[in-house]
Structures are given as C-alpha cells and as structure tokens.
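Just so we're on the same page: letters track the sequence lines, and every chain starts at 1. What you see below is based on every heavy atom in this structure, not just the backbone, and it leaves out hydrogens, waters and symmetry mates.
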2 protein chains.
Amino acid sequence: MTRISMKDIARELGVSIATVSLVLNGKDKDGRVGKEMAEKIRRKAKEMNYEPNNLARGLRIGVSNTIGLIVADISNLFFANLAFHIQEQAEKFGYSVIITNTNESNLKLEKMITILKNKLVDGFIIVPTEHGESLIQNLVKRNMPVVLIDRYFPNLNVSSVIVDNYNASKKALRCLINQGCRNIGLVIYKSDLQHMLDRKKGYVDELQNAGLYNPALIKEINYSSITDDITIAMESLLSRENEVDGIFFATNTLSMLSIKYMLDMNIKLYEEIKVVCFDKSDAFDFTSLHISYIQQPIAEMGTNAVGLLVEQMKRKSVERKEDEIKIVELQTFLMNVL
Amino acid sequence: MTRISMKDIARELGVSIATVSLVLNGKDKDGRVGKEMAEKIRRKAKEMNYEPNNLARGLRIGVSNTIGLIVADISNLFFANLAFHIQEQAEKFGYSVIITNTNESNLKLEKMITILKNKLVDGFIIVPTEHGESLIQNLVKRNMPVVLIDRYFPNLNVSSVIVDNYNASKKALRCLINQGCRNIGLVIYKSDLQHMLDRKKGYVDELQNAGLYNPALIKEINYSSITDDITIAMESLLSRENEVDGIFFATNTLSMLSIKYMLDMNIKLYEEIKVVCFDKSDAFDFTSLHISYIQQPIAEMGTNAVGLLVEQMKRKSVERKEDEIKIVELQTFLMNVL
DNA sequence: CTGAAAGCGCTTACAG
DNA sequence: CTGAAAGCGCTTACAG
C-alpha cells in the first residue's frame with residue numbers, strides 16, 4: 001500500500017495541489033477557496049484516507065513539532081515520571097517528544113544531541129550529565145531552544161527548572177535534629193553537578209548551625225562503583241564508634257541500596273537510626289519502615305520545562321532577540337511518615 | 001545561525017551537490033569519486049560543521065530510521081525498563097526511538113499511532129490497550145512493520161514478544177501450595193487482554209489440580225477504580241471466614257497497593273499470609289518483607305522486539321511478501337526470597 | 001477564488 | 001571520475 005499524497009487528491013479532483021494544501025491546512029476561510037470546493041476536497045481527503053507527511057511539511061517550513069528529551073536514566077522512576085509529565089504537557093501544545101537516554105555518560109549525551117538535531121527537533125529538554133557544560137553551551141550558541149531540568153550549570157545562560165536543593169537538605173536535616181539525632185551521616189554522589197553541591201551544602205550548613213557538624217560522616221559515592229562504595233560507606237557509618245543515629249540520603253538510588261544494606265544488617269530503622277531520603281520510592285508506602293522523604297514536584301517541573309521551551313521556540317520563529325533566560329526554582333516537600 | 005547544507009559545501013568547493021552527497025554517504029569508494037576530491041570534501045564538511053538533515057534524507061529515500069514505541073504507562077517501572085532496553089538495542093541498529101504513552105486509553109493509542117505515522121516512523125513496537133485490536137489490524141493492513149510486546153491478540157497476525165504467562169502463574173501457585181497454603185486468593189485486573197486471561201487460567205488450573213480451587217477467592221479489579229476496588233477485594237480476602245493464607249498478585253501495581261493495605265492492617269506477610277507478585281519492585285529488596293515474585297526477562301523482551309521489527313523493516317524494503325509472523329514467548333523466573 | 005512555480009535538503013539514475 | 005536534473009511531499013508568495 002502506498003501513501004496518499006496531496007497530489008493524488010488534486011489529480012482525482014482536477015484541482016491544483018496548492019488548493020488542496022490550503023484547504024487541508026484550514027486556510028480556506030478568509031475567502032481564499034470556494035466553499036463547495038473546500039468541502040469537496042475535505043470529503044475526498046477523508047475518503048482516500050489521506051494523512052499528511054510531516055517530514056515533508058517539516059522540511060518545507062523548517063519546523064518538526066518535536067521536542068527532544070534527554071534524560072540521565074529512563075529506568076529511574078524519577079526520570080520516568082518526569083518524562084511522563086513532560087510528554088503530557090508537550091502534547092497539549094501539539095508537540096511530540098522523543099525520549100532518549102544518556103546513562104550519565106557525557107559521550108552519549110553528545111551522540112544523542114547530534115542524532116536529535118539531525119532529526120530537526122525544534123528544541124531540547126535535557127537532564128545534563130557531569131561535565132556536559134560545553135555541549136549545552138554549543139546548543140545555545142547555535143540558537144537552539146534548550147531547557148535544562150533537574151540539574152543546571154550556574155555559569156551557563158540557559159533556562160532551567162530545578163528544585164531548591166539547598167533548602168530541601170536543610171529541611172531534611174532539621175527534621176532529623178528535631179527528632180533527637182546528634183550524629184547524622186550523609187550519603188551522596190561524588191559529583192561536581194550543582195544540585196549535588198547544593199544538597200551537600202544544605203547538610204553542612206544546617207549541621208553547623210546546630211553545632212553538630214562532623215565531616216567524617218559525609219560519604220561520597222562514585223556512580224561507577226556504586227555497590228562497593230555503598231557497602232564501604234555504610235560499614236563506616238554503622239560502626240560503633242561513630243554513634244550515627246540519623247542518615248540523609250541525597251538520591252533515590254542511594255537510598256534504596258543503603259536501606260537494603262541496613263535491613264540486611266538487621267538495623268531497625270527509626271528506633272536505631274532515623275533516615276530521610278531524597279525522592280519517594282514505592283517501598284515507602286510500606287509504612288512499617290518509618291522512612292521520611294523529600295518529595296519533588298515532578299509534574300510541576302515537567303510543566304514548567306515545557307512552558308519555558310515553548311516560549312523559546314515561539315520567540316525564535318518571531319525572530320525576537322531578547323534573551324530571556326529563566327531559572328525556575330521549585331520548592332520540595334518533606335513527607336514525614338511518622 | 002543557519003544550518004550548513006550540502007549545497008553550501010558544493011558552492012564553496014566548486015563541485016556538484018551530487019558529488020558531495022556521494023562522499024558524505026561513504027559511496028566514494030568503488031572509484032566513484034577521486035581520492036583527493038573526497039578528502040577535500042570531507043575536510044570542508046568538518047570545517048564548516050556540516051550536519052545532515054535527516055528530514056530531507058527521509059523524505060527522499062522514504063525511511064526515517066526511527067521506531068515508534070507506544071507503551072501503556074511510562075511511569076510504571078516495568079515499562080520504563082522495557083523502554084530503556086528497547087532503546088539501547090534499537091540504537092545498535094541505527095534507529096532512534098520515539099516513546100509515547102497511552103495511559104491504557106484506546107483513544108490515545110489511536111492518536112499516538114496517527115501522530116507517529118505522520119512523522120514517518122519506519123515501524124512500531126506497541127504495548128496494546130484493551131480493545132485496541134482493530135487499530136493494530138489497520139496498521140498491519142497498511143503494511144506497517146509492527147511488533148506487539150507484553151500483550152498480544154491471539155487472533156491477530158502480528159509478531160509479538162510475550163512471556164509465558166500461563167506457566168508463570170502456575171509456578172507462582174505451586175510455590176504457595178508447596179509452602180502449605182490451602183486458601184489462595186488472586187488479585188487481577190478485570191480485562192479481556194490475553195495476558196491477563198492466561199495469568200488467570202494458570203491460577204485456576206493449578207488450584208484445580210490440587211483440589212484447592214475456590215472461585216470466591218478471585219478478585220477482579222477495574223483499572224479505573226483501582227484504589228476502591230482493591231480495598232474491597234482485600235477486605236474480603238482478609239475476612240476471617242475465608243481463611244486465606246496465600247495471595248497471588250497478577251501485576252506490579254496491584255501488588256504494591258494490596259501489600260500496602262495489608263501492612264496498614266498489620267498483617268504479617270509470610271507468617272500469616274504468603275504472597276507472590278508479578279514483577280519485582282525495589283521494595284522487595286527489603287528482605288524482611290518475605291515477598292516472592294515472578295521476574296520477567298525485560299532486557300530479552302526488548303532485544304527480541306527490536307530484532308523482530310528490524311527484520312520486518314528490512315523485508316519490506318526488499319519487497320518480499322512472505323508474512324513471517326513470529327510469536328516469541330519467553331520464560332519467567334520465580335524469585336523466592338525465602 | 002484558483003493555479004503555476006519555486007524551493008526546503010537530499011539521493012539517485014543517467015550522461016558523459 | 002564528475003555533473004545536470006528529476007523528484008520525495010509539502011507550503012507559499014505571486015499572478016491572474
């Protein structure tokens with residue numbers, strides 16, 4: 001079966017392709033095309049099962065109505081949810097979304113950007129990787145609409161949607177302190193990404209305020225050797241001399257692996273050690289575990305990112321030049337299951 | 001900044017666009033283009049930062065190197081993982097993947113198919129919705145390469161990748177019976193989709209073999225009123241007169257909600273009621289919960305789906321007509337945490 | 001109110 | 001070994 005094109009409809013009806021195009025794009029009002037003609041064309045199009053070829057349309061008008069979404073790991077529930085909401089929102093504006101994955105690899109980020117650019121996406125929403133700054137920079141230089149999400153580069157002039165990571169950490173720590181914890185550990189990725197630095201700083205500041213800061217209780221995990229590093233970190237935190245009575249986990253993956261370790265060691269959460277995690281896991285619904293967590297407004301993050309991007313894409317086509325960079329910083333919620 | 005095209009390179013070098021195209025597509029070997037010329041073109045292309053326009057290429061050769069993946073719910077970890085593996089595998093064959101979501105809605109499935117077709121994806125991998133049979137049928141009629149995954153329609157002539165749901169259920173039930181359960185409940189979606197019917201049949205058959213079948217212990221949940229229905233179902237299963245000592249949950253979402261309910265009710269898993277779930281959740285790593293589960297070979301499912309699809313897409317371009325429909329049925333694993 | 005024509009960026013026979 | 005030309009399906013001034 002071969003696809004029906006405008007040409008086929010035009011031939012069938014003995015009219016020009018131009019007329020068909022006008023009608024099928026709804027530009028027949030304003031008296032551009034006769035009423036009966038328009039009706040005839042529409043009927044024929046439906047009858048022949050016409051479907052527009054968006055590739056051709058895109059080539060001609062230089063727009064694909066597609067957004068490229070690049071996340072760090074689609075199999076992480078946080079990003080999966082983010083993707084979900086971004087897609088829902090994009091659809092409302094008539095955009096489809098191509099989702100791709102970097103697995104936290106800078107190389108892959110570069111590759112994904114190239115692939116997507118060559119498919120002519122109209123803009124990008126990106127969860128950038130560590131050291132991915134220059135790749136983003138390039139995109140911006142070339143006037144590509146871009147919005148960063150979840151993570152951002154403070155030195156880069158790029159619209160971004162993030163949460164207030166610093167205060168999220170502070171909230172988490174205050175919660176632990178209020179519950180009587182005095183020796184509170186931190187499990188976090190070793191990373192230069194700003195959102196990690198912010199989470200760390202929130203931890204440090206809040207503990208220093210309380211006169212409880214002890215740098216030995218900060219455990220930095222390498223993403224590439226995560227299992228081993230967590231074992232080492234937890235062994236240290238759980239050793240008797242540290243007297244740790246609370247731990248803050250800076251990401252959901254770190255939480256899950258560490259809590260599993262603790263349960264395997266028969267540690268009683270809450271009674272022996274209180275914990276706060278970044279992000280929710282399904283597991284926390286099992287209330288018997290007494291796990292508090294920082295909840296990010298995922299839907300809002302997605303909506304905002306799409307909003308900012310759509311704005312940029314419009315602006316570009318109207319050729320305005322004011323570079324309105326916006327950093328949207330959303331607040332998190334401390335969900336206390338106790 | 002305006003994109004560099006082949007024309008720009010050709011003009012700059014005083015050669016024809018055709019020559020540039022040949023070189024940049026690696027067709028300059030076989031003595032089609034002079035060695036120095038080819039080198040010059042390649043150097044210039046790099047220097048000018050040329051990047052191919054795949055829209056134009058796709059329009060010309062009728063191929064987009066893009067696969068449309070339609071899942072039922074990207075925020076469900078099972079589908080997120082599936083998407084991840086499909087993408088990894090597709091990339092190996094040079095395809096990018098557009099992921100979209102139906103939210104189990106038939107209407108949305110139709111919309112997504114239309115959108116993707118108009119973007120000229122070369123083929124589809126689809127997790128179909130209930131009653132979505134005719135939509136898939138249409139795609140096949142139009143000679144579109146399609147592979148169904150996770151779910152399939154027995155009456156439809158479409159390649160599909162599924163797991164052996166019937167035997168998965170049987171395994172789960174045997175496990176519960178062997179552990180001494182005598183009154184075993186089933187929590188499953190009310191659905192005509194074959195994979196659900198298979199899971200149900202496995203449950204029924206295995207219990208009948210053991211002389212333990214009791215239809216009153218089957219609870220069918222409506223996707224649209226899931227929370228309420230689960231509450232009602234669990235209340236009934238946990239009521240004293242039923243003496244339920246084991247439950248099989250037919251999907252991951254049903255598992256999570258039901259187990260949460262049980263924990264809220266202070267039911268001791270394993271000691272009071274033993275459970276087996278379909279699919280793993282992060283939560284099960286918390287071994288203290290004693291939850292067994294059926295593990296699906298997600299990566300293998302993804303790999304197989306891409307393989308079947310690529311085969312179809314190739315076949316189509318060579319215009320062969322043997323309709324080689326393949327149903328790949330993979331085996332699951334019963335993961336017993338005890 | 002409708003049509004002829006150019007062109008988006010590319011590929012592919014066909015000539016030479 | 002290289003170029004001129006047609007055409008993929010569409011949109012958009014421009015004529016009339």
Peer 1: Do B:Thr303 and B:His85 make a side-chain contact, defined as non-hydrogen atoms from C-beta onward lying under 4.5 Å apart?
Peer 2: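 Result no, sub-4.5 Å side-chain heavy-atom pair not found.
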Peer 1: Do the side-chain N or O atoms of A:Ser5 get closer than 4.0 angstrom to the phosphate oxygens (OP1, OP2) of D:dG9?
Peer 2: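 No, because none of the side-chain N or O atoms of A:Ser5 sits under 4.0 Å from OP1 or OP2 of D:dG9.
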Peer 1: Show every salt bridge (charged side-chain N to carboxylate O under 4.0 Å, His left out) that has at least one partner inside residues 50-68 of chain A, sequence neighbours left out.
Peer 2: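 Only A:Glu51-B:Lys117 qualify under salt bridge (charged side-chain N to carboxylate O under 4.0 Å, His left out).
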Peer 1: Report each atom pair, protein N/O against N/O of nucleotides 13-16 of chain D, whose distance is under 3.5 angstrom.
Peer 2:
none

Peer 1: List the residues meeting salt bridge (charged side-chain N to carboxylate O under 4.0 Å, His left out) with A:Glu130, not counting sequence neighbours, and say none if there are none.
Peer 2: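 A:Glu130: no salt bridge (charged side-chain N to carboxylate O under 4.0 Å, His left out) contacts found.
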Peer 1: Looking at D:dT12, D:dG3, C:dG3, which one has an atom nearest to any side-chain atom of A:Lys27?
Peer 2: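 Comparing D:dT12, D:dG3, C:dG3 against the side chain of A:Lys27, the answer is D:dT12.
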Peer 1: Can you list, in residue-number order, the parts of residues 37-61 of chain A that come under 4.0 Å of DNA chain D, counting heavy atoms only?
Peer 2: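 Hits under 4.0 Å, by residue number: A:Tyr50, A:Pro52, A:Asn53, A:Ala56, A:Arg57, A:Arg60, A:Ile61.
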Peer 1: Map every base of DNA chain C to its dot-bracket character, where paired means a Watson-Crick or G-U wobble contact with both distances under 3.5 Å and | marks a partner outside the strand.
Peer 2: |||.||||||||.|||
Peer 1: Tell me whether the OP1 or OP2 atom of D:dT11 has a side-chain N or O from A:Ser21 closer than 4.0 Å.
Peer 2: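 For D:dT11, OP1 or OP2 has a side-chain N or O of A:Ser21 closer than 4.0 Å.
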Peer 1: Kindly write out the residues that satisfy salt bridge (charged side-chain N to carboxylate O under 4.0 Å, His left out) with B:Lys111, not counting sequence neighbours, or none if the list is empty.
Peer 2: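 Applying salt bridge (charged side-chain N to carboxylate O under 4.0 Å, His left out) to B:Lys111 gives A:Glu91.
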Peer 1: To the nearest angstrom, how far is A:Leu24 atom CG from D:dT11 atom C1'?
Peer 2: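 It is 13 Å, rounded to the nearest whole Å.
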Peer 1: Quickly, which of B:Ile67, B:Leu116, B:Ile136 forms a side chain to side chain contact (heavy atoms under 4.5 Å, CB included) with B:Phe124? Name it, please.
Peer 2: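 With B:Phe124 as partner, B:Ile67, B:Leu116, B:Ile136 yield a single side chain to side chain contact (heavy atoms under 4.5 Å, CB included), made by B:Leu116.
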